[in-house]
Amino acid sequence: MKDLLKQKISTVISELQLPEIEINFEKPKVEAHGDLTTNAAMLLAKVAKKNPRETAKAIVEKLSGAFPEISSIEIAGPGFINFKFSPSYFIEQSKEILRQGEHFGKSAAGAGKKTNVEWVSANPTGPLHSGHGRQVILGAAISKLLEWTGFDVTREYYFNNAGNQMRMLAESIYARYRQELGEDYPFPEEGYKGDYIVDIAKEIVKEKGDTLKQSDDEKLYFKKAGEEWCFTKIKETLERLGVRHDVFYNEDSLYATGKIQEVIEEFRKADLAYDAEGAVWFRATKFGAEKDRVIVKSSGEPTYRLPDIAYHREKFRRGFELIVDIFGADHIATIPDVLAGVEALGYKTDSVKVIIHQMVSFVNGDELIKMSKRNAKVFTLDDLIDLVGVDAVHYFFVMRSANTHLEFDIALAKEQSDKNPVYYLQYAHARIASILRHAVSEGFTPPDAGEYLRRTDFSLIKEKEEIDLLKILIELPEIIQSCALSFEPHRLTTYLKEAAESFHRFYHEHRVINDDKNLMQARLTLCLMAKIVIANGCKILGVSYPEKM
RNA sequence: GCACCCGUAGCUCAACUGGAUAGAGCGUUGGCCUCCGAAGCCAAAGGUUUCGGGUUCAAAUCCCGACGGGUGUACCA
C-alpha cells in the first residue's frame, strides 16, 4: 500500500511539473493525524520555492479517489498530507497473520545475503561473567532478527587458546594445584583470582594426585585442563540461554594455515609494515589511525591485532557479504586497527558493521553491586540466571538501546509481579490462551488459524479498540525488518509492550465470550491474532510465552 | 590531554533516525472485579530534553563550544 501510494504521488508530482524528490512516509504520533503522513509538500516547497500548503492542496486534488482503501486525505500543520485508511483495509491486512501463523513477521528483505555475526568471543579463561550477558543476548537477538528478515546467518564465536591469557590461566591453576597439595607456593601477580581456579585445581588433584608437581613440561596439561573446563562452562551457560553458535573459530588455525604470515608479507610488499625497535609495525596512520601499531612484538609473538586482521580477511574470503561484529565498549580500541588492516588488504569496510554496546551495571533495588576484578567471588552469568531466570535475562539485556549504559535491576527482574515488564508481555499471552481454552470448553473448535479464517465474519470487527489492535498487530513485519536493518532489537520490546497494551485495552472494553456466537468467533479470531504476534515477537527475543502462569 | 558513547519527569528509559501537543514503566494520588485471568484497565500530578550559540519551514535528534558521567588510549585481549 505504501509503495503504491509512493508511486502514485511521484507521478502526480511529475504531472504537476514539480521536481523529483524522495517521498517518505511516517506513522504519525498523534491519532488525529491519521494513519500515514508524508512531508513531501514541504520538501517540494524548499526546492520549488512554493507555498507548501498550496503544493499539498494540488497534490491532494489529484489524489482523491485514487485508492478505495483511503477514507480521507487531509492537509495539516505546515503542509503535512495525512492519510486515513478505512477499517476494511486493516482487516484485509490482518488476515495475513492467520495465513502465515508462526511465520508472520518474516520478510525477504535480506535476500539471502550471506551474513556472519560474531559475538561473545570470550577466551576460555573463566566462566562468562554477568556483564557478558548483554553481549550474549544482543547478538542472539540480532542474529534472529536478521534471519527473520531473510539474511543467511552464520553465528560465530572466535577464540584464542594460545597466547598470554591462556598461559596465565595455566600458571594460576598450577599455583592453586601446588597450594592444594599443601605447599606455600606463590600465586602469580597477574593471575586469575576467581574461586573457579581452585575448583579446577582440586579436580586435578583428585585425578592425578601429586604426579604433576615436578616437571615444567606438564604445565601444558594445566592449560589444556583449564581450557576444557572453562569452555565446557561457557557452552553450558550459552545452552541454558538457548544461544547457539554454528562455528567456533580458533585463532590457532590462522597460524597453522599460514594466514598470519601471509598478512605480514603482503603488508611488507605494499610497504605497509616496517621494522623498528625490534618489532614489526603496521602503518595504521595511512588509514586514519592516530598512530602506527605493533603487529609483531620484539619477542616474535604477534599482538592481538594481527590475527584479528587475518581473521576478518578470512570472513571476506569465506564469502560473507555482511560481517557483523559485536563488541563491548571496553574493546573499542581494536576496531579502528582491524578496519584499517582490512582496508589495507584491499577490502571495503562498508560491509563490516560493528555494534558496540556500552557497559552494564547491576543494582539490587537501591544497592549498587560492585564488580571488581580482584575479587575472588565473580558474579557470573550463571549466577544471574539463577537469580532472575532465563526470560528476564533475555528481556532485560535487550530492552535498552545498545549505545547507552544499561542498569540491570536484579530486584526488579526477579520480582514476580506487575512491576516486572517481562510479565506484562507474558501475561497478555497467557490471558489470551486462557480465553481460547475457555471458548473451547464452551463448544468452540480449538483455535486453528485456517479454521478461524474460514469461520470468521470479519465485518463484525468494528469497535475502536478492535481496529486499534489490528492496526498495531499488522505492523510486526515492518518492525522486525527495521529492527534488523538498524541492528536495534530494543525497539522490538517497545513494540511488543504496545501490542500487549492494545490487547489489554480491547479485552477490558469488550467481552469476547458472549451469547452472540458470530461476534464471539470474530473476537476469538482477534485474540488468536494477538497471540500469534506476541508469540512470534517472544521467539525472536528468546523469551518464553506461557499458556498459563 | 586525545578518541568513542551518553546526558530527556524524583528513578530507569522510549521517541519510527529532522516532523505536528516529547512518551512509557516504577514511585506518588484517586477510581474500576456478582461477568472471559486485577500479573489487568482508567485518570491525576510530574519537563526550559544539562547549559550557550548556530543550521531551517521544522531540532531531544544535525554542527560548534562549555559542563557532567562512562569506556578506552600497550610490544594485554
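These numbers come from a predicted model, not from an experiment. Just so it is clear: chains get the letters A, B, ... in the order the sequence lines come, proteins before strands, and each one is counted from 1.
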Completion exercise
Partner of B:G46 under the Watson-Crick or G-U wobble criteria, both distances under 3.5 Å, comes out as none

Exercise for the section: Could you please name the partner base of B:G18, counting Watson-Crick and G-U wobble pairs only when both distances are under 3.5 Å? Expected result: none

Exercise for the section: Quick one: classify the glycosidic conformation of B:C33 as syn or anti, with syn meaning within 90° of 0. Expected result: syn

Problem - B:A20 OP1/OP2 closer than 4.0 Å to side-chain N/O of A:Lys29 - result: yes

Exercise for the section: Respond yes when some side-chain nitrogen or oxygen of A:Tyr311 is under 4.0 Å from OP1 or OP2 of B:A77, and no when none is. Expected result: no

Handout entry: 5'-most by nearest nucleotide on RNA chain B - A:Gly77 or A:Arg437
Key = A:Gly77

Problem - A:Pro302 vs A:Lys497, nearer the 5' end of RNA chain B by closest nucleotide - result: A:Lys497

Practice task
Would you check if A:Asp35 and A:Met1 make a side-chain contact, meaning some heavy-atom pair closer than 4.5 Å?
Solution key: no

Handout entry: Side-chain heavy atoms of A:Pro307 within contact of A:Pro302, under 4.5 Å
Key = yes

Between the base of [N] and the side chain of [X], is there a donor and acceptor pair under 3.5 angstrom?
X	N	value
A:Thr37	B:A20	yes
A:Asn82	B:A20	yes
A:Ser298	B:C75	yes
A:Asn39	B:G19	yes

Problem - A:Lys464/A:Glu31 salt bridge by N-O under 4.0 Å criterion - result: yes

Practice task
Drop me the distance from A:Phe187's CZ to A:Ile197's CD1, to the nearest 0.5 angstrom.
Solution key: 6.5 Å

Exercise for the section: Would you check if A:Tyr304 stacks with the base of B:A77, given a 5.5 Å centroid limit and a 30° plane limit, both strict? Expected result: no

Practice task
Ignoring the backbone of A:Arg505, work out which of B:C41, B:G37, B:U56 is nearest its side chain.
Solution key: B:C41

Handout entry: Minimum-distance nucleotide (side-chain atoms of A:Thr494 versus B:A14, B:G37, B:G19)
Key = B:A14

